[in-house]
Each structure stands twice: as structure tokens, then as C-alpha cells.
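No experiment lies behind these values; they were computed from the predicted model shown. Only heavy atoms go into these numbers, but all of them, side chains included; no hydrogens, no water, no symmetry mates.
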Amino acid sequence: MILPLQQAVRAALRDTLTTLYGADAVPAALVVDIPPSRALGDLALPCAFELARTLRKAPRAIAQEIVAALPPIDGVRRVEAVAGGYINVFLDRAAFLRARLGRPAVHPLDATRPKTIVEHTAINPNKAAHIGHLRNAALGDTVGRLLRFLGTPVEIQNYIDDTGVQVADVVVGFERIDGRSVDAVRALAAAPRFDYLCWDLYARVTDWYEADKSRLVTRAETLHAIEHGGNRTAEMAAVIADAIVRCHLRTMARLHIDYDLLSWEGDILRLQFWDTAFDILERNGTVYLQTEGKLKGCWVMEIDEDVDLTGGSGAAVRVDPLDQEAAPEQREKVIVRSDGTVTYVGKDIANQFWKFGLLGKDFAYRAFGTRLTGETLWATTSTGGRSDHPPFGRAGTVINVIDTRQAYLQKLLKQALATMGHRREAEHSIHFSYEMVALSHKTARELGYAAAPDGRPFVEVSGRKGLGVKADDLIDRLIAKAREEVSRRNPDLPTAAAQEVADAIAVAALRYFMVKFSRTKVIVFDIDEALSFEGESGPYLQYAAVRAGNIFGKLREREQLDEAAIAGLLDALSDDALHDGEDGDALWDLVLTCGRLDEAVDIAVRTLEPAVLAKYGFALAQSFNGFYHRFPILSEERRDVRLWRAAAASYFRQQMIQALDLVGATVPGRM
RNA sequence: GCGCCCGUAGCUCAGCUGGAUAGAGCGUUGGCCUCCGAAGCCAAAGGUCGCAAGUUCGACUCUUGCCGGGCGCACCA
């Protein structure tokens, strides 16, 4: 926890600057940086450079004035102005560690804050999950964990598109190509790997359409039947969707990902959420019937190109009506097709309205399964339902984790809210977008896919073609490889224990890999790279924590000291070990790095960039590994030095366990 | 054509609201296991930060324009 300390320094600085130069001269944002080395200090304040302009004085002189006027700050040892004009702050090292060791960095839940809904995963329930879906789920789950870390109430939703084209296609496959009955499909669905079976079937359906385009009529018919309900086709679709969703949940559970609520698109239709939303939109004029042109007979929404909705935080502002004449062609998006069916956008608008509690209606809820925590996993339903469900929806902020290719649609959602006068909700409608996962040519070849020679550096994952690495296959390979390593390094480890360790390593490797890149970067997935347990990887982080853990195992044996006892001894201990100098600086550097976890989380949440946390975790592990090699703990003769080093290692372990938990990974006992 | 994203070391990427010598992983080369576990550590080599202007005391970071690449712009989602 270093944020409160930063705030205290910032507040003191602000007061001092106000006193010295007047409120007007104080910069709006006071930057707190990190000096390049501990010898230079722990926090750096570059404000003198900024003030130099308005005050027309040398930065160095200003810095000196400020330092002289700065009051004592709790937790700060001294403040000094250095050469160029930086003001460097030195923290009270021993007090810092004493105050934090053994105290969790997690903020307690603040139930008074508005809820944030995070929707992620949302895989079409018609085939197995693949690596692209894993990026979505890993990012979404981590965002949820980061928000919870900061004490924000969070509700994780998984949207199930059970009435869409993709499910319809698999139904077409079973009904028209394979000639199977509902009961036959039900039997298949009960067997393991039904999601794999559908994966292949879906690819066959694509080929089937491809061979004769007129067959696409069956898709439309099937989709209609599913939307209409009350027939065998719809029943089959329901059987498929239910079974596939359960497959997806099992896959995600392997990666420690789960949900508060599954929201089913079918319920949005059956409960006529769309009709309600439509009434609102039509009355308001946001959606209107197009009477001419190629969209004749469709209910459409104007696409307002000038609404700035890209940043996620930008205010939605309608353009001056006068300027609209300048726009050569007003574009429209179909919300209700001429045949009366609702597009995805329409359903999603209704869903988004519901998430904010703006619809005036609610779902009924049923128990769908059991969560990883042992609690009930809830799902929406249209009829009946239970009354003992927790409250869902009514969020203050909605974060939709959806890949960047759907930015356009998400923009429309926001626009609909803004146009309806729900400015606040529009601003709190966040499209958490991320780039796609593609395959390296090498990996595509390994999967037996001969890449078309289009000269592109990667091969796009394609569910329709059945091209992609299935999530479960990848997890299996990771576990097998980890298992091999674990057994090689720990031949004495019993099978069950070795398996458990291998699982933990595989999860950490995969989840770390999925969040270590910025959202905006295309991941060109290479199986060998993802399988790596070295360098900047999840297992590297785990390994550092395991090493630290081993030290405490030995300390317990030799000195009957556990981590709590070590923390308890610090108060009475001389803090020479932390004093300025090469060794003290190195020890302190580790402690300070450990302390920055909350800062990393804060930045990750502010920028909606989980990679920040991943990078922090890596830097933290590096910091410990470097320390580990330079400074022995068990064999250190001076008791006070030994204990301070042990305390730092303990603090490191505490923070690393927390950091790994934020990406959904655990620390095994050995590895 | 319009919109969004990317362009930093051989490869893959960090670089937060402009600030102290542009960092890391992989790969390459060379060291380190009688010493808390080598899934590790240390060191070396490797960069006109796509290009060009502009703003600034100061630009990888902000603005504009270009160049290169990706993705969108369906009565699919």
C-alpha cells in the first residue's frame, strides 16, 4: 500500500505550494514519480520544472524553496532538492515494512459504491471455446478481480446468445445434414466433448452452405423457428445451448473463471425486453421506420458519426444539427429487420438498458449450477424462477469485454443511451475492447492448416472453418508439459500432488500469457511461446514465490520461526539492515517494490489495462530473484539482518500471492 | 472512401497523467549449482523510438501531415 502515502505527500505539497505561490500557481495534477535508484530517493516530485515557467525562476531554486517550506509528513524520513530541480522524498523504511507486513493489501468491499457489471466470455453456445475466447475471459475475469481488490462491488455476467445464427447453424447441421432427432441430439449432448463434436459439425455446415448457397434458406427458417419457440427445432437449440454452455463453464472453471449470472438472450426475447425498449426508442424517435430505399420496411437507427464514444470516458455529445447538412449521407443501422425479427443490436440495447436499471423490467432467475466458491450460479429465466436470488443489474458502470471488431456496435449502444437522454449511463458504458488472437503460421501448420498464401504474417482464427486452438486442448498440453517438468524436478512427489502442481503451473502460464500484452496488440499465438515456462511467464512469478516459501519452511525447522512471528519481532529490532548504503538500499528496494502493488492495480483499473498488473508482477519477481541471489537469509549470521531480510521475503510472498490471485493464479507448495 | 488500432533492439513487447543514462523477455555470446532449488542469477553484443514538421526549458510520450500494416464500415454477431 503506497497510494495513501503518495496522497499524503501530494496533499502536503499542494498546501506548501499554495502558501508559497498562491492557489492559482499550483498545477492541477501534481505528479509523483519514481527516481531511477533508491540512493536518489523513493518518490520524485518534478513540480519545480512546471512552476519554473510561470514563476520565471530556476527550477533548482524553486525546489529548494519548496523543500524548506514542506512540513514533516508521516512516513517520510527526509526530502531533498537535487541538481536539476527534482524534489526527492525518502521514506521511513523500517516503519514502512512494519506497517505493512502481514496486512492484506486488499481494500474491503465498499457496498455504498455503485455496482460495476463486467460482462465477459459471451461465447456463442454452438462449439468449443478457443484461444480467442480465452483472451476475452482472462481479461474480463482479471478486470473483475482488480475492481474487487479496490473494494468496488462487482457483478460478473456471461451473456449467452442462444437464439443467434451460430446456434441455428449447428441445429441445421444436426437436423438437415445428419438427420438427427431432438432425442438423438440430447443423447449426444450428454456425452463428453459435445463441444468438440459441434466444433466439427459447425465447420461442416459452413461447407454445406458453401456448396449450395440456396441452402442458406434453411438457416433463416431455423433461426425463425428458434426465435418463435414452441417447436422441435427450438427444443433442439435449447438442448445444444444448455449443453455447450456447461462445457464452456467447465473449461473456464479450469482457469478459475466463473460468473455471478448467465444472461440468456432467449429470455430477453420471451420477456419482451425488446418490446419495452422499442417502445421507449420509438416514442423518442431514436428508432424509426424506413419507408424507402433498400432498407424499406426496416426499423433503423441513425448512426451519428460525430458522437465521440471511442475512449470509454469521453462524453457523448450530439453534433450541432446545422452541421448535419454537411454530412453527405446519413447512415442507418437496422434494428428490426423487414421480416420483423430483431437484430443483435436491438437485443443488446435492451440488455444494456436492463443492466443500468433503465428498462423498468427484470428477469426471473433460476439456479443453473454451482460456482467455484460453492455458491449458486444464477441464470436468467422467463417463467417461474426463484425468489431467493440476489439482486442483479442496476449498475452504475457497465464494462463489456468484447473484441475491437465490434467497436462499431458498442458505439451504437452508447449512442442509443445518450440519445435517450441517459448521459450518465452513456458515459459509464464502457466497451473494454481488445485486439484479436491470430495464429502464427507455424502453429496453424501444426494444426494441419495450409495457410493461404496471402502474405499476411499470421492466420486468423476461424470458428466457421474450424480453425483454431481449442481451449481445452491447449490447457491439456500445458498441464502435460508442466507435469513432465514437475516430475523431473521432484521425482519424490506423489502423483496426486504432482498433478495439482502441474495444474497450477498450467493455469498461471496461460492466464499470464493472455493478459501480459496490451489490449490493443494483436496476439499472434504461437503454441511453443505460450507453452514456455521461462522468462516473462506465469511460472516465473510462481517460482519466485515458491522459493520465498521454501525459506520459511527452513526457518520453521531450524528456528521455529514462522512468518507471523517474524513480523512480530520487527518492532523491537534495530533497523540497521535498512540504512542507506548498498545492502540497505537493495533490501529496501525490494520492500518498496512490494509496496507498489496497489499503485499497479490503480493504474491497471484507471487505464483498463490488466497488462500493467502483469508487468508489475514480473518486475516484482525479478526484484526478489535478484535479491535472493545476492543476499542469503538462512546463513546470514547477524540476527537483525537475517530477520529484516526474512521480513522482506515474507512481504514479497504476501504481495506476490496477491498479484497472482489477481490474474487468477495460485502458488503451489513446490514446483 | 470513412472510422478505430498498431509501427521502439534480430523476434515478441514495456515505457502510466510530457521529465533524471530508452527498458524487459526470447534468441546470440560468455560466466555462475560442495553455498535458502539453475523454471534462476550475472555480464556482453544489439536501437536514426516508421518519416517530417510543430508545441515546450524538455517529446518514445502531445498536435498535424505523410508512409507502412491490421481491423471495421451487413436486414451476421
Rounded interatomic separation in angstrom, taking CG from A:Leu412 and C1' from B:G72 | 12 Å
Assign A:Gln406 to base, sugar-phosphate, or nothing according to its heavy-atom contacts below 4.0 angstrom with the strands shown.
-> base
Closest to the A:Gln622 side chain, choosing from B:C75, B:G25, B:G37 | B:G25
Determine the interatomic distance between C1' on B:A77 and the same-named atom on B:G58; round to the nearest Å.
-> 48 Å
Thinking salt bridges, do A:Lys554 and A:Glu557 make one under a 4.0 Å N-O criterion?
-> no
Classify the nucleic acid contact of A:Phe525 as base, sugar-phosphate or nothing, counting any heavy atom under 4.0 Å across all strands shown.
-> nothing
Please work out if A:Asp161 contacts a base, only the sugar-phosphate, or nothing of the nucleic acid, heavy-atom cut-off 4.0 Å.
-> sugar-phosphate
Can you figure out which of B:A20, B:A77, B:U12 approaches the side chain of A:Pro36 most closely?
-> B:A20
Note: A:Arg630-A:Glu582 ion pair, threshold 4.0 Å (strictly below) | yes
Would you kindly give the NZ-to-P distance between A:Lys411 and B:C4, to the nearest whole Å?
-> 8 Å
A:Tyr628 ring centre to A:Arg547 NZ or CZ under 6.0 Å, with the angle to the axis within 45°?
-> yes
In whole Å, what is the span from the CD atom of A:Glu536 to the P atom of B:G40?
-> 12 Å
Does a side-chain N-to-carboxylate-O contact under 4.0 Å join A:Lys615 and A:Glu536?
-> yes
B:U56 versus B:C67 - spacing of their C1' atoms, nearest Å | 27 Å
Considering only B:A20, B:A77, B:A14, which nucleotide approaches the side chain of A:Asn124 most closely?
-> B:A77
Base orientation of B:C13, syn vs anti, 90° cut from 0 | anti
Using only side-chain N and O atoms of A:Arg53, determine if any of them is under 4.0 Å from OP1 or OP2 of B:G58.
-> no
Take atom CD1 of A:Ile603 and atom P of B:A14, then tell me their distance rounded to the nearest Å.
-> 15 Å
B:C42 C1' sits how many Å from A:Phe627 CZ, rounded?
-> 17 Å
Could you tell me whether A:Arg464 and A:Asp169 make a salt bridge, using a distance below 4.0 angstrom between a side-chain N and a carboxylate O?
-> yes
Under 4.0 Å: is that the gap between some side-chain N or O of A:Ser338 and OP1 or OP2 of B:C75?
-> no
Answer with base, sugar-phosphate or nothing: what part of the nucleic acid does A:Ala619 contact at a heavy-atom distance below 4.0 Å?
-> nothing
For the residue pair A:Asn400 and A:Gln352, confirm or rule out a side-chain donor-acceptor distance under 3.5 Å.
-> yes
Given B:G37, B:G40, B:U12, the nucleotide with the shortest approach to the side chain of A:Glu529 | B:U12
Side chain of A:Asn625 - closest among B:G37, B:A77, B:C41 | B:C41
ring-ring contact (aromatic ring centres under 6.0 Å, His included) with A:Phe624: of A:Tyr540, A:Phe652, A:Tyr543, only one passes, and it is A:Phe652
Under 4.0 angstrom, heavy atoms only, what part of the nucleic acid is A:Val486 near: base, sugar-phosphate, or nothing?
-> base
P atom, B:G54 versus B:C13: distance in rounded Å?
-> 33 Å
Against the side chain of A:Pro632, the closest entry in B:C36, B:G40, B:G15 is B:C36
Indicate, with a heavy-atom threshold strictly under 4.0 Å, whether A:Met436 touches base, sugar-phosphate, or nothing.
-> sugar-phosphate
Select base, sugar-phosphate, or nothing to describe what A:Pro35 touches, counting heavy atoms under 4.0 Å on all strands.
-> base
Could you tell me whether a side-chain N or O of A:Asp526 sits under 3.5 Å from a main-chain N or O of A:Ser440, the two making a donor and an acceptor?
-> no
Could you give the distance separating B:G70 and B:U63 at their P atoms, to the nearest angstrom?
-> 24 Å
RNA chain B base-pair string [pairs: Watson-Crick or G-U under 3.5 Å; |: paired with another strand] = (((((((..((((.....[...)))).(((((.......))))).....(((((..]....))))))))))))....
Remember a base hit wins even if backbone is also touched, and classify A:Tyr540 as base, sugar-phosphate or nothing at under 4.0 Å, heavy atoms.
-> sugar-phosphate
A:Arg56 atom CZ is separated from B:U56 atom P, nearest whole Å, by 13 Å
Taking atom C1' in both B:U17 and B:G30, what distance in whole Å separates the two?
-> 42 Å
Look at all strands and tell whether A:Asn550 reaches a base, only sugar-phosphate, or nothing, counting heavy atoms closer than 4.0 Å.
-> base
Tell me which nucleotide among B:C13, B:G40, B:C71 gets nearest to the side chain of A:Arg405.
-> B:C71
P spacing across the pair B:G15 / B:G68, given as an integer number of angstrom = 27 Å
On RNA chain B, more 5' by nearest nucleotide between A:Ala611 and A:Gly626 is A:Ala611
Could you check whether A:Leu555 gets within reach of a base, just the sugar-phosphate, or nothing at all, counting any heavy atom under 4.0 Å?
-> nothing
Rounded distance (Å) that lies between atom P of B:G70 and atom CG of A:Asp403 | 18 Å
When you compare B:C42 with B:C60, how far apart are their C1' atoms, in angstrom units rounded to a whole number?
-> 29 Å
With respect to the phosphate group of B:G37, does any side-chain polar atom (N or O) of A:Lys554 fall under 4.0 Å of OP1 or OP2?
-> yes
A:Arg38: which of A:Asp589, A:Asp585, A:Asp583 passes salt bridge (Lys or Arg N to Asp or Glu O under 4.0 Å) = A:Asp589
Base, sugar-phosphate, or nothing for A:Phe517, non-hydrogen atoms under 4.0 angstrom?
-> sugar-phosphate
Side chains of A:His248 and A:Asn158, donor plus acceptor under 3.5 Å = no
Do side-chain atoms of A:Thr222 reach the backbone of A:Ala168 as a donor and acceptor pair under 3.5 angstrom?
-> no
P gap between B:C36 and B:G46, integer Å | 36 Å
Grab the OH-P distance between A:Tyr543 and B:C36 for me, whole Å please.
-> 11 Å
More 5' along RNA chain B: A:Val32 or A:Tyr344, using each one's nearest nucleotide?
-> A:Val32
Output yes when at least one side-chain N/O atom of A:Tyr434 is less than 4.0 Å from OP1 or OP2 of B:C6, else no.
-> no
So, does the side chain of A:Asn88 form a donor-acceptor pair with the base of B:A20 at under 3.5 Å?
-> yes
Are OP1 or OP2 of B:G7 and a side-chain N or O of A:Lys521 less than 4.0 angstrom apart?
-> yes
